[in-house]
Every structure is written in structure tokens, then in C-alpha cells.
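Report on the following structure.
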Amino acid sequence: MSFRYGQRHAVELESAKCVAQAMGVVEHAVVDVDLCMIGGSALTGDLVVPKSRSLEEMGEGIPLTYVPARNTIFLSFAVGWAEVLGASGIYIGVNALDYSGYPDCRPEFLEAFETLADKATKAGVEGRGRFRVHAPLLHMSKREIVERAVALGVPLARTWTCYEPDAAGRACGRCDACVLRLEGFREAGLAD
């Protein structure tokens, strides 16, 4: 499940589609939800995307690229779909170690969401299953993520990270997401 939420880097949706196809995903849903109306983020509004920051600067506070309640909203859609499908496992690609400071990328958020899902769904109330949010990337370094992706055969050239691509759809190479991605590839001894 991917989301078109008004992000300025919506090019990531085409990448998600390509990766899903390459990895043999049975069904890839794209959900439309307009988070621009909420505002408060450089990814969905007129705020400037921070660029050329050091890792130390990235580690200070919650950045302007934080989208208020984004992962709560995404997981809410995912748990609804999981309940309809009769599934109890939900996977999300959040990472707590990438210096982002996003409050909705922390283990305690994911644990709290599991509790909420069990109390807010028919399946949870009827005791037919406990929802589990799996975040396999949560405690991995960017280097470890790159290495694991290579081992799994993920077509990394088709993945997308940049928060502010240029008009031709090329990654900027300077936003926090690009800097962290490039560092992960460098540490893994691979070219991006």
C-alpha cells in the first residue's frame, strides 16, 4: 500500500509500483489522502526542504519534513485493509536510526498503534486476532538496509528517497533523505 498524500516527491509512487512488480507483489494499492490541507510540513506545503545539512544537524529536533500524523494515517488505512483481508500483520518501512527525529518512526509509537488497532477494530474486539506492526528496518543502519536490499534482490535503482526532485524527476542529492541514502550506499561500498 502506497499513499498519494500531496507530497512534492510523488515520483516515489512510480518507484513503488516498479519495485512491487519486480518483487512479485500480488496487489499494490495506492491510496489518495490529501495531507496538504493539514499543512505543517515541507513535504506537503510551501516550507523550504532543508538541504546540505550535516548528520549532526539532522539529529537535532524534529525536521520540517515531518508530516503531522502521516504514519498514524497510513497505518490506519493499512489496518483497515488488513482487517478486510483477514490479515493480522502489517509491515511498514520506518527507520528510527536515520537521524530524522520523526516521532512516528519510534518503537513506542508502533507498540501504541498495535494497542489502538486491537481496540478500534471488529477483529480486535472480538478477539479474532491481535494486529502486529512489523518494522524490519526500524533498528537498521542505512548501510544495513542497503546490504539487506541487495541480498533480497531489491532493484535499488528503481527505489526513491529524495524529498525534492528536480523538474526532470532527478534526485537532488542534498536533502536529508538523499544525504542519508548516499551515506548508506557509501558505507556499504556500493554506488547508488
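Below, all heavy atoms of this structure are taken into account, side chains as well, without hydrogens, waters or symmetry copies. These numbers come from a predicted model, not from an experiment.
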Is any side-chain heavy atom of [Y] closer than 4.5 Å to one of [X]?
| X | Y | result |
| --- | --- | --- |
| L13 | S2 | yes |
| H28 | V30 | yes |
| P63 | R53 | yes |
| V48 | L64 | no |
| R132 | H134 | yes |

Pairs meeting criterion salt bridge (charged side-chain N to carboxylate O under 4.0 Å, His left out) with involvement of [range], two or more places apart:
| range | answer |
| --- | --- |
| residues 30-49 | R4-D32 |
| residues 145-157 | R143-E147 |
| residues 178-192 | R181-D192, E183-R186 |

Just say parallel, tilted or perpendicular for the rings of F77 and F3, cut-offs at 30° and 60°.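 Rings of F77 and F3: perpendicular, as their planes differ by over 60°.
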Show the nearest heavy-atom pair for residues A22 and P155, with the distance to one decimal.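 Minimum heavy-atom contact is CB-CG, 3.7 Å.
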Can you give me the closest heavy-atom contact between A188 and V146, atom names plus distance?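 Between these two residues, the closest heavy atoms are CB-CG1, 3.9 Å.
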Please report the interatomic distance [atom1]([X]) to [atom2]([Y]), rounded to the nearest 0.5 Å.
| X | Y | atom1 | atom2 | value |
| --- | --- | --- | --- | --- |
| D176 | T65 | CG | OG1 | 6.0 Å |
| L110 | E114 | CG | CD | 7.5 Å |
| L97 | C105 | CG | SG | 10.5 Å |
| F109 | D104 | CZ | CG | 5.5 Å |
| S41 | I62 | OG | CD1 | 12.0 Å |
| M1 | I92 | CE | CD1 | 11.5 Å |

In one Ile/Leu/Val/Met/Phe/Trp/Tyr side-chain cluster, 4.5 Å: [X], [Y]:
| X | Y | result |
| --- | --- | --- |
| I90 | V31 | no |
| L138 | V79 | yes |
| V33 | V84 | no |
| L35 | M37 | yes |
| V133 | V94 | yes |

Can you name the residues that form a side chain to side chain contact (heavy atoms under 4.5 Å, CB included) with E12, not counting sequence neighbours?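 Listed in chain order: Y5, Q7, H9, W160.
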Counterpart residues, side chain to side chain contact (heavy atoms under 4.5 Å, CB included), relative to E126 (two or more places apart):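 For E126, the residues satisfying side chain to side chain contact (heavy atoms under 4.5 Å, CB included) (neighbours in sequence not counted) are K122, R128.
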Would T159 and S15 count as a side chain to side chain contact (heavy atoms under 4.5 Å, CB included) here? Give the steps. CA-CA 5 Å; T159 62; S15 292; 5.7 Å; no
Counting distance only, does the side-chain N/O of [X] pair as donor-acceptor with the main-chain N or O of [Y] below 3.5 Å?
| X | Y | result |
| --- | --- | --- |
| E83 | A123 | yes |
| E14 | V11 | no |
| D118 | F131 | yes |
| D166 | A171 | no |

Assess whether atom CZ of R158 is packed by more than 12 heavy atoms of other residues, nucleotides or ligands within 6.0 Å.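 No, CZ of R158 has 12 or fewer neighbouring heavy atoms, counting only those of other groups under 6.0 Å.
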E27: partners by salt bridge (charged side-chain N to carboxylate O under 4.0 Å, His left out), with sequence neighbours left out: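 With sequence neighbours excluded, E27 shows a salt bridge (charged side-chain N to carboxylate O under 4.0 Å, His left out) to no residue whatsoever.
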Apply the test side chain to side chain contact (heavy atoms under 4.5 Å, CB included) to residues F113 and S76: give CA-CA distance (whole Å), side-chain angles for both, the deciding distance (0.1 Å), then the verdict. CA-CA 9 Å; F113 190 87; S76 295; 3.8 Å; yes
Both conditions, 6.0 Å and 45 degrees, for the charged tip of R70 above the ring of Y102: are they met here?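 Ring-cation test returns yes.
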